[in-house]
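Per chain, numbering begins at 1; letters A, B, ... match sequence-line order.
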Amino acid sequence: MHDVVLALGSNKGDKKENIKRALYFISHSGIRIHKVSKTIITSPWGNWQQADFANMVLTAKTSLSPYELLKTIKGIERTMGRTEGHMKPRIIDIDIIFFDNIILNTEELEIPHPSFRERIFVLGPLFEIAPHLKDPVSGKSISQLYKELLSMPYVGHIETEKGSFFVSVKNGMVLKTSFDYIRGRQEYTPIIANLLDRLKMYFNGEKVDFNDFSLDFSNVPPLYRKIYTVLRKIPYGTTISYSHLAELAGIPKGARTIGNAMAKNPFPILVPCHRVIRKDGTLGGFSSGIERKIFLLKLELGDRFFDIFPKNIH
DNA sequence: TGACGCGCACCAT
DNA sequence: ATGGTGCGCGTCA
């Protein structure tokens, strides 16, 4: 017999009833449920513009193999009327969190579940029923992971034409934005939701200003802080050269310093380093990829892009 | 201290 | 119009 942990979620119809029905199906599929957590209500993550979720976690024993177990729970999802579609409202969602102590990393199945450490709606209920259980990957106990998660910044993301865009927020301040994955507590606070809403509008080509968000500069050197603050005042749809920005920031010959500061910008988009271009009418660099700088400038400038960068064929 | 970098001006072709 | 060469400026190791 194998010890397994499953996580259940529902955000469509009678959510708590859906979970009860799923428990019924699970317990009649060769899975012996051991402990069940309370069912909690959480805000959705992944797509913030949908209904709250009911979530719960259970421990169980089964003689099924990992793949048989996967097939079984996907069968239950289908039986209960779940339709395909990532990040869409769902009647029921069942995930395998643990399967004994095995570590599995295939296209089809990842065990332990790859992001359970960042999800309060898994760790919270799991902490309730199995705080001493150990994560075979990190070697840490659930209670330790849970405690760590509570002190992590909140994170969220949107999908854009140029890949996912991630944000993290702590103490009401934006800590970081990035085109690269940011680890953190996957929950939508009002600030995260507001920020993602605005980013979505921005990437749709709307003229959006982000200056009402406060940024956490505590890990930023003082001069860079000043540079970023000045740069934030450069409005949507305009550009500025590295040297001109240097002047505005009080370092008349510090164009290259500006380049360094841009390369390390912890807040792409919100601190609009994509608006900073070379004096000779070329683009300059962009740490997350020059295609993205081109994309953002075209988004903001429209046809004027080709006046400013006549040499660029893109 | 010294190397480094999302630039710039100035001079060469 | 391109292509090299110092220069200058803050960071970080």
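With B:dA9, B:dG7, B:dG5 as the choices, the nucleotide that has an atom nearest any side-chain atom of A:Thr257 turns out to be B:dG5. Comparing C:dG10, C:dG8, B:dC6 against the side chain of A:Ile251 picks out C:dG10 as the nearest. The side chain of A:Arg256 sits closest to C:dG8 out of B:dC6, C:dG8, C:dT11. Each of B:dG7, C:dT11, C:dG10 was ranked by its minimum atom distance to the side chain of A:Pro221; first place goes to C:dT11. Across C:dG10, B:dC8, B:dC6, the shortest atom-to-atom separation from the side chain of A:Met262 is found for B:dC6. Across C:dC9, C:dT11, B:dC6, the shortest atom-to-atom separation from the side chain of A:Tyr224 is found for C:dT11.
Separating the NZ atom of A:Lys253 from the P atom of B:dA9 is a distance of 11 Å, rounded to the nearest angstrom. Residue A:Asn260 contributes atom CG, which lies 17 Å from atom P of C:dG8 at whole-angstrom precision. Separating the CG atom of A:Leu245 from the P atom of C:dG10 is a distance of 14 Å, rounded to the nearest angstrom. Rounded to an integer number of Å, the gap from A:Arg225 CZ to C:dG10 P is 17 Å. Atom CG in A:Leu223 sits roughly 19 Å away from atom P in B:dG5 (whole-Å rounding).
Checked by atom type, the side-chain pair A:Asn260/A:Thr257 shows no donor-acceptor distance below 3.5 Å. Between A:Tyr202 and A:Thr160, the side chains place no donor N or O within less than 3.5 Å of an acceptor N or O (distance only, hydrogens not considered).
Under the Watson-Crick and G-U wobble criteria, each requiring two contacts below 3.5 Å, nucleotide B:dC6 is left unpaired. Remark: C:dG8 base-pairs with no nucleotide in the shown strands. Criterion, Watson-Crick or G-U wobble with two distances under 3.5 Å.
A 4.5 Å side-chain heavy-atom check between A:Lys176 and A:Asp216 finds every atom pair outside the cut-off.
Taking side-chain N and O atoms only, A:Lys264 has no distance below 4.0 Å to OP1 or OP2 of C:dT11.
No hydrogens or angles were tested; on distance alone, nothing pairs the side chain of A:Ser243 with the base of B:dC8 as donor and acceptor under 3.5 Å. The base of B:dC8 lies outside donor-acceptor range of the side chain of A:Tyr242, with no N or O pair under 3.5 Å.
Checked against the 6.0 Å centroid criterion, the rings of A:Phe295 and A:Phe286 do not qualify as a close aromatic pair.
Just one of A:Phe165, A:Trp45, A:Phe203, A:Tyr181 meets the ring pair (Phe, Tyr, Trp, His ring centres under 6.0 Å) condition when paired with A:His157; it is A:Trp45.
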